[in-house]
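Shown next, in structure tokens, is the structure this report addresses.
So you know, we letter chains A, B, ... as the sequences are listed, proteins then strands, and number each from 1.
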Protein chains: 2
Amino acid sequence: MAKDLNTEQKIKEAARKVFLKKGFAAARTRDIAEEAGINLALLNYYFRSKEKLFRQIMEESLHTFFSSVLPTMSDPNVSLRDKVPFFVNSYTDVLISNPELPVFILSELRNDPDHIVQTLQMNKRLNLSVLFGQIMEAQQKGEMIPLQPWNFLLNLLSLTVFPFIARPLIQRLSDTNDEQFKQLVEERKAMIKAMVMGYVFTEKGKG
Amino acid sequence: MAKDLNTEQKIKEAARKVFLKKGFAAARTRDIAEEAGINLALLNYYFRSKEKLFRQIMEESLHTFFSSVLPTMSDPNVSLRDKVPFFVNSYTDVLISNPELPVFILSELRNDPDHIVQTLQMNKRLNLSVLFGQIMEAQQKGEMIPLQPWNFLLNLLSLTVFPFIARPLIQRLSDTNDEQFKQLVEERKAMIKAMVMGYVFTEKGKG
DNA sequence: ATCTGATTTAATCAAATGATTAAATATTTT
DNA sequence: AAAATATTTAATCATTTGATTAAATCAGAT
């Protein structure tokens with residue numbers, strides 16, 4: 001554990017590591033204290049409880065996971081055609097840097113969905129109306145095929161995020177190392193963009 | 001809890017319910033016993049330990065999750081073009097009936113990936129060589145664009161499975177009920193098939 | 001240097017939890 | 001029916017675990 005961090009930062013860094021690896025229920029406060037190189041009581045002195053510490057980590061994780069792309073996706077000055085490659089490139093890069101984030105968030109979503117959704121909505125970055133408005137407008141102009149806006153977004157999310165969720169399975173079944181996995185998802189960038197845009201945009205929309 | 005099941009079946013049904021809802025670490029054996037309407041000691045009498053009970057549930061879950069589609073995907077007598085719609089239709093139906101399965105498997109994958117992969121490989125149904133062979137053959141014939149076989153499989157899996165993983169988020173953000181969610185994934189069936197096949201198969205391959 | 005408040009620790013508590021035991025009850029076999 | 005075996009229960013154990021306490025140490029102000 002780096003020496004140049006103050007105690008609070010050390011604890012948070014350790015907590016992030018342990019929580020992301022094991023999830024809330026399986027993580028023990030003693031693990032976190034040991035990882036941080038401090039005493040168990042000190043953890044409670046700084047954060048009051050495991051729950052409170054966890055919430056801070058979760059909120060920061062949600063911020064990392066969403067705020068890297070959502071502001072641009074909510075920007076009416078960025079066209080729909082520009083948003084697709086931006087989303088795929090940015091998100092892939094975020095996930096390469098934080099590969100454990102999707103499983104962490106999506107598995108904790110099962111235990112306390114309301115806290116996560118509430119945190120997301122407080123972070124005013126989540127505003128789908130602009131994106132969905134652009135989709136419906138493009139459809140009215142005949143530039144895009146009929147498709148539920150949510151299904152459009154789900155396609156981008158699925159194709160980008162899912163490989164990181166299934167990563168332990170993929171790497172074992174295909175017997176590949178971390179570097180090869182990174183190469184796989186890098187190759188997916190171009191593929192996802194071509195597949196999604198080729199499917200949703202009409203000839204008129206491609207012009 | 002149904003009265004016409006014997007004790008072992010009652011315990012397993014209760015365990016499945018609790019484990020799938022909470023995951024291994026957060027599930028308590030007392031929850032399972034109560035859900036089954038039996039005493040805690042009886043659970044250990046039948047299954048020896050929480051761990052052993054969990055492994056049975058996990059192995060059955062893996063069987064449900066994989067063996068419904070993989071045998072056909074490994075069948076050399078089924079063409080690649082037929083496999084895509086079969087996969088999407090069958091998998092979506094399995095997931096509609098077992099919506100909690102993906103999060104359960106993929107989040108436990110983090111804790112004990114080797115057990116899961118080992119269980120999968122013992123279940124001889126997992127044989128990707130036929131599918132991957134068909135992909136490479138189609139590419140050599142010019143019927144399919146160049147694409148890593150794993151990325152082809154990942155596209156199908158991502159687009160089909162991911163919505164079920166993100167379901168709590170989707171339903172809250174879009175304010176929809178279970179019936180509307182089912183409708184959404186039903187609509188995705190046709191979309192996924194059209195998008196994936198439109199992208200990977202060349203004009204020659206579509207003939 | 002001393003006082004004061006913040007930080008850190010060792011020790012301990014209380015509750016939760018997986019598991020066991022021994023006894024009671026039900027079922028099957030003889 | 002009696003014996004033997006299987007099933008079920010209440011009570012208890014031992015460990016784990018989140019949290020607290022009281023004392024010790026450190027840092028900065030006076």
Side-chain angles (χ1 to χ4, degrees), chain A residues 1-61 104 107-108 110-112 114-116, chain B residues 1-61 104 107-108 110-112 114-116:
Chain A
M1 186 59 46
K3 292 288 191 303
D4 58 338
L5 299 175
N6 66 31
T7 304
E8 187 175 337
Q9 291 171 322
K10 277 197 298 185
I11 296 174
K12 278 179 72 170
E13 203 168 284
R16 181 165 15 254
K17 183 171 173 182
V18 174
F19 279 138
L20 263 78
K21 183 177 170 193
K22 311 238 247 179
F24 176 79
R28 293 175 306 150
T29 50
R30 280 167 173 81
D31 293 339
I32 297 172
E34 190 187 358
E35 177 74 33
I38 52 105
N39 190 282
L40 173 61
L42 195 52
L43 186 150
N44 285 290
Y45 173 77
Y46 274 97
F47 292 93
R48 299 277 304 166
S49 74
K50 179 186 180 184
E51 175 91 19
K52 289 219 174 67
L53 176 55
F54 176 80
R55 294 201 163 208
Q56 287 209 23
I57 302 299
M58 174 56 79
E59 280 160 25
E60 292 180 15
S61 298
F104 176 66
S107 65
E108 299 298 340
R110 175 177 51 178
N111 306 326
D112 190 359
D114 290 324
H115 167 234
I116 291 181
Chain B
M1 185 60 43
K3 291 290 191 303
D4 57 337
L5 299 175
N6 65 32
T7 303
E8 187 175 338
Q9 291 171 321
K10 277 196 298 185
I11 295 174
K12 278 179 72 169
E13 204 168 284
R16 179 164 18 252
K17 183 171 173 183
V18 174
F19 279 138
L20 263 80
K21 184 178 171 191
K22 312 238 243 178
F24 177 80
R28 293 175 304 151
T29 50
R30 281 167 172 81
D31 293 340
I32 298 172
E34 191 187 358
E35 177 73 33
I38 52 108
N39 190 284
L40 172 61
L42 195 52
L43 185 150
N44 285 288
Y45 172 77
Y46 274 96
F47 292 93
R48 300 274 304 165
S49 73
K50 179 186 180 183
E51 175 91 19
K52 289 218 174 67
L53 175 56
F54 175 79
R55 295 203 161 206
Q56 287 208 22
I57 301 300
M58 176 54 80
E59 281 159 25
E60 292 181 15
S61 298
F104 175 66
S107 65
E108 298 298 340
R110 174 177 53 178
N111 305 326
D112 190 359
D114 290 324
H115 168 234
I116 291 179

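Side chain of A:Gln9 to main chain of A:Asn6: a donor-acceptor pair is present (N/O by atom type, distance under 3.5 Å, no hydrogens or angles).
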What side-chain donor-acceptor pairs closer than 3.5 Å can you find for residues 40-47 of chain A, not counting sequence neighbours?
none

Return all side-chain donor-acceptor pairs below 3.5 angstrom for residues 19-30 of chain B, not counting sequence neighbours, or 'none' if the list is empty.
from, atom 1, to, atom 2, distance (Å)
B:Arg28, NE, B:Asp31, OD2, 3.3
B:Arg28, NH2, B:Asp31, OD1, 2.8

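The span of DNA chain D lying next to chain A, judged by atoms under 4.0 Å from heavy atoms, is bounded 5' to 3' by D:dT17 to D:dT21.
A distance of 9.0 Å separates NZ of A:Lys52 from CZ of A:Arg55, quoted to the nearest 0.5 Å.
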Checklist entry - For B:Arg16 and B:Glu35, what are the C-alpha separation, side-chain angles and deciding distance, and is it a side-chain contact (heavy atoms from CB on, under 4.5 Å)? => result CA-CA 10 Å; B:Arg16 179 164 18 252; B:Glu35 177 73 33; over 6 Å; no
Checklist entry - Would A:Val18 and A:Glu34 count as a side-chain contact (heavy atoms from CB on, under 4.5 Å) if you check the C-alpha gap in whole Å, the side-chain angles of each, and the deciding distance to 0.1 Å? => result CA-CA 10 Å; A:Val18 174; A:Glu34 190 187 358; over 6 Å; no
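Note: CD1 (A:Ile38) to C1' (C:dT7) measures 11 Å, nearest angstrom. Rounded to a whole Å, the CG atom of B:Leu53 is 16 Å from the P atom of C:dT17. Rounded to an integer number of Å, the gap from CG of B:Asp31 to C1' of C:dA19 is 16 Å. Put simply, CZ on A:Arg48 is 15 Å from P on C:dT7, counting in whole angstrom units. Rounded to whole Å, the distance from NZ on A:Lys50 to C1' on C:dA15 is 14 Å.
Among residues two or more places apart in sequence or in another chain, the side chain to side chain donor-acceptor pair (under 3.5 Å) test is passed with A:Asn111 by A:Glu108. Every residue was checked against the side chain to side chain donor-acceptor pair (under 3.5 Å) condition with A:Lys50, not counting sequence neighbours, and none meets it.
For the contact set between residues 16-28 of chain B and DNA chain C, defined by any heavy atom under 4.0 Å, the members are B:Ala27, B:Arg28.
The residue B:Phe47 sits apart from the nucleic acid: no heavy atom pair falls under 4.0 Å.
The residue among A:Arg30 and A:Leu42 whose nearest nucleotide of DNA chain C lies closer to the 5′ end is A:Leu42. Comparing B:Asn44 and A:Tyr45 against DNA chain C, the residue whose closest nucleotide sits nearer the 5' end is A:Tyr45.
For A:Thr7, counting side-chain heavy atoms from C-beta on, the closest listed nucleotide (C:dT12, C:dT17, C:dT8) is C:dT8.
Using a 4.0 Å cut-off between a side-chain N of Lys or Arg and a carboxylate O of Asp or Glu, A:Lys12 and A:Glu8 do not qualify as a salt bridge.
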